[in-house]
Asks: 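Below are the structure tokens for one structure; questions will follow.
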Amino acid sequence: MADAIDLKLPYFWYLQGSLIEEHQFEEDVGHPREYYITSDRSSRRMMTVPKSSIPGDLKETVEENIISLVQYYRQPNGYFKKGYVDLLLDDVYAKAPYEFQRVFNRKFIPYLETLKNSERMQDPASFSFENDEQEKIESFLDASLRVFPQDDMEQIYNTYLEWDDTIRITLDYEEKKIFQMSDNFWNFFCHDLRILQNENLSPKLIQHWNSRFIENILPKYESGLEKLRKSLLKKWKAGQDEDREIDGLVAKLNHLSRDHFERSGNEA
């Protein structure tokens with residue numbers, strides 16, 4: 001029964017799941033969101049509660065479900081389970097509107113985090129992935145590409161394709177950049193995501209987000225991506241030129257070796 005109750009919370013999907021929009025929340029409830037979350041993360045005792053048209057028996061059902069949900073992540077001793085944040089995020093993302101969110105933010109990015117060992121990060125000049133690590137990264141990129149919500153996110157689809165192509169180039173020329181590139185793209189993606197996936201927000205706020213995204217966030221991100229892409233392509237071209245130069249030297253050496261062999265044979 002509690003599942004059928006719409007509490008009218010103003011929320012949107014963002015970086016780590018669904019998030020309550022603070023300004024709309026304060027306008028609807030009468031207190032800022034931070035009022036309910038103290039600086040030391042303790043709960044605040046509520047002397048009065050907002051008036052509600054929800055019948056008493058449904059209020060009890062809601063409260064029981066809230067208590068049950070909190071207890072699900074606690075141990076018998078009252079402390080939260082070890083790693084409960086990941087458990088909570090997995091449960092939140094199970095209800096995410098797009099499979100892309102689950103693949104990218106609950107699989108790909110956590111895998112990248114496992115590759116950030118201190119020894120590897122301390123020496124940028126020699127930074128590199130093992131072959132199996134690179135293959136795993138490419139498999140996540142392939143999986144993400146298959147489930148990207150192209151129809152809903154048409155305005156950033158070409159940008160995503162350019163990002164995908166560029167990040168694959170980094171695997172050959174500047175592997176360490178993959179961490180920042182992935183974080184930056186997720187942040188960019190979520191600015192569009194919150195415009196498309198939200199509930200109980202004012203049209204004015206959504207229009208503000210959309211205008212800011214189109215006029216500022218999108219062009220700024222595309223400009224930075226293009227700059228990085230050009231830098232990587234220069235390195236790729238330099239590598240191609242170097243390969244051709246090496247091939248030319250090898251061919252010349254082979255030719256000299258063949259001439260020397262033929263002369264030696266004639267002299268014999």
Asks: Quick one: does Leu225's side chain get under 4.5 Å of Met181's, heavy atoms only?
Replies: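 SC-SC contact between Leu225 and Met181 confirmed.
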Asks: Is a side-chain donor-acceptor pair under 3.5 Å present for Ser211 with Gln207?
Replies: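 A donor-acceptor contact under 3.5 Å links the two side chains.
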Asks: Classify the ring geometry of Phe189 against Phe185: parallel below 30°, tilted from 30° to 60°, perpendicular beyond 60°.
Replies: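 If you compare the ring of Phe189 with that of Phe185, the planes turn out tilted.
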Asks: Applying salt bridge (Lys or Arg N to Asp or Glu O under 4.0 Å), name anything that partners Glu174, two or more places apart in sequence or on another chain.
Replies: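 Counting only residues at least two positions away or on another chain, Glu174 forms a salt bridge (Lys or Arg N to Asp or Glu O under 4.0 Å) with Lys177, Lys235.
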Asks: Distance check, rounded to the nearest 0.5 Å: Gln71 atom CD versus Ser68 atom OG?
Replies: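 Gln71 CD to Ser68 OG: 8.0 Å, rounded to 0.5 Å.
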Asks: If you round to the nearest 0.5 Å, how far is CD of Gln16 from CG of Leu88?
Replies: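 It is 10.5 Å, given to the nearest 0.5 Å.
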Asks: If you compare all heavy atoms of Leu218 against all heavy atoms of Gln155, which two are closest, and at what distance to 0.1 Å?
Replies: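 Residues Leu218 and Gln155, closest heavy atoms: CD2-O, 4.5 Å.
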Asks: Take Phe12 and Ile20, measure what side-chain contact (heavy atoms from CB on, under 4.5 Å) needs, and give me the verdict at the end.
Replies: CA-CA 7 Å; Phe12 57 95; Ile20 293 177; over 6 Å; no
Asks: Please check if the side chain of Asn200 supplies one atom and the backbone of Leu9 the other of a donor-acceptor pair under 3.5 Å.
Replies: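 The answer is yes, because a donor-acceptor pair under 3.5 Å joins these two groups.
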Asks: Nearest 0.5 Å, please: how far is CD1 in Ile195 from CD1 in Ile217?
Replies: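 Spacing of CD1 (Ile217) from CD1 (Ile195) equals 7.0 Å.
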Asks: Is the closest side-chain heavy-atom distance between Leu69 and Asn65 below 4.5 Å?
Replies: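 Contact flag for Leu69/Asn65 side chains = no.
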Asks: Going through the distances and angles, do Glu199 and Lys8 end up as a side-chain contact (heavy atoms from CB on, under 4.5 Å)?
Replies: CA-CA 8 Å; Glu199 286 192 18; Lys8 302 294 184 183; over 6 Å; no
Asks: Evaluate the side-chain contact (heavy atoms from CB on, under 4.5 Å) criterion for residues Ile169 and Arg229: first the C-alpha distance (whole Å), next the side-chain angles of each, then the deciding distance (0.1 Å), finally the verdict.
Replies: CA-CA 8 Å; Ile169 298 175; Arg229 183 178 178 81; 4.2 Å; yes
Asks: Is Tyr11 close to Leu19 at the side-chain level, that is, under 4.5 Å between some pair of heavy atoms?
Replies: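 No - every pair of side-chain heavy atoms lies 4.5 Å or more apart.
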Asks: List, one per line, each side-chain donor-acceptor pair under 3.5 Å for residues 98-112, sequence neighbours excluded.
Replies:
unit_1, atom_1, unit_2, atom_2, d
Tyr98, OH, Asp152, OD2, 2.6
Tyr98, OH, Gln197, NE2, 2.9
Glu99, OE1, Arg102, NE, 2.9
Glu99, OE1, Arg102, NH2, 3.1
Gln101, OE1, Tyr98, N, 3.1
Arg102, NH1, Tyr93, O, 2.7
Arg102, NH1, Ala96, O, 3.2
Asn105, ND2, Leu15, O, 3.2
Asn105, ND2, Tyr93, OH, 3.0
Arg106, NE, Asp90, OD1, 3.1
Arg106, NH2, Asp86, OD1, 3.4
Arg106, NH2, Asp90, OD1, 3.0

Asks: Does Lys220 make a cation-pi contact with Phe188, if we ask for NZ or CZ under 6.0 Å from the ring centre and within 45° of the axis?
Replies: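 Judged by the rule, Lys220 and Phe188 form no cation-pi pair.
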Asks: Taking only distance into account, with no hydrogens and no angle test, what donor-acceptor pairs under 3.5 Å do side-chain atoms of residues 139-151 form with protein atoms, sequence neighbours excluded?
Replies:
unit_1, atom_1, unit_2, atom_2, d
Ser139, OG, Lys136, O, 2.6
Asp142, OD1, Arg168, NH1, 3.1
Asp142, OD1, Arg168, NH2, 2.9
Ser144, OG, Phe140, O, 2.9

Asks: Using modelled atom types and a 3.5 Å cut-off, is there a donor and acceptor pairing between side-chain atoms of Gln75 and backbone atoms of Gly78?
Replies: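 No.
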Asks: Honestly, is Arg194 close enough over Trp209, meaning NZ or CZ under 6.0 Å from the six-membered ring centre and within 45° of the axis?
Replies: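 Because its charged atom sits under 6.0 Å from the ring centre and within 45° of the axis, Arg194 does stack over Trp209.
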Asks: Hey, mind stepping through Trp13 and Val92 against side-chain contact (heavy atoms from CB on, under 4.5 Å) and telling me if it holds?
Replies: CA-CA 10 Å; Trp13 281 88; Val92 168; 3.9 Å; yes
Asks: Please round to the nearest 0.5 Å and tell me the distance separating atom CG of Leu228 and atom OG1 of Thr170.
Replies: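 Between Leu228 CG and Thr170 OG1, I get 8.0 Å after rounding to 0.5 Å.
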Asks: Determine yes or no for a side-chain-to-main-chain donor-acceptor pair under 3.5 angstrom, with Thr166 supplying the side chain and Glu162 the backbone.
Replies: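 A pair under 3.5 Å: yes.
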Asks: Working to the nearest 0.5 angstrom, can you tell me the gap between Leu196 CG and His191 NE2?
Replies: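 Going from CG on Leu196 over to NE2 on His191, the span is 13.5 Å.
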Asks: Side chains of Glu222 and Thr159: any donor to acceptor distance under 3.5 Å?
Replies: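 Side-chain D/A pair, Thr159 to Glu222: present.
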Asks: Compute the centroid of each ring, for Tyr221 and then for Trp163, and state whether the two points are separated by less than 6.0 Å.
Replies: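 Not close enough - the centres of the two rings lie 6.0 Å or further apart.
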Asks: Can you tell me how the ring of Phe127 sits relative to the ring of Phe129, calling it parallel under 30°, perpendicular over 60° and tilted otherwise?
Replies: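 Because their plane-to-plane angle is over 60°, the rings of Phe127 and Phe129 count as perpendicular.
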Asks: Measure the spacing between CG of Leu201 and CD of Gln24 and express it to the nearest 0.5 Å.
Replies: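 If we round to the nearest 0.5 Å, Leu201:CG and Gln24:CD are 6.0 Å apart.
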Asks: I want to check something: taking the side chain as every heavy atom from C-beta on, are Ile137 and Leu115 in contact at a cut-off of under 4.5 Å?
Replies: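 Yes, side chains in contact.
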Asks: Counting only heavy atoms not in Asp132 (residues, nucleotides, ligands), do more than 12 fall under 6.0 Å from its CG?
Replies: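 Yes, because the 6.0 Å sphere around CG of Asp132 holds more than 12 heavy atoms from other groups.
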Asks: Would the number of heavy atoms belonging to other residues, nucleotides or ligands and lying under 6.0 Å from CZ of Arg74 be above 12?
Replies: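 Count over threshold, so yes.
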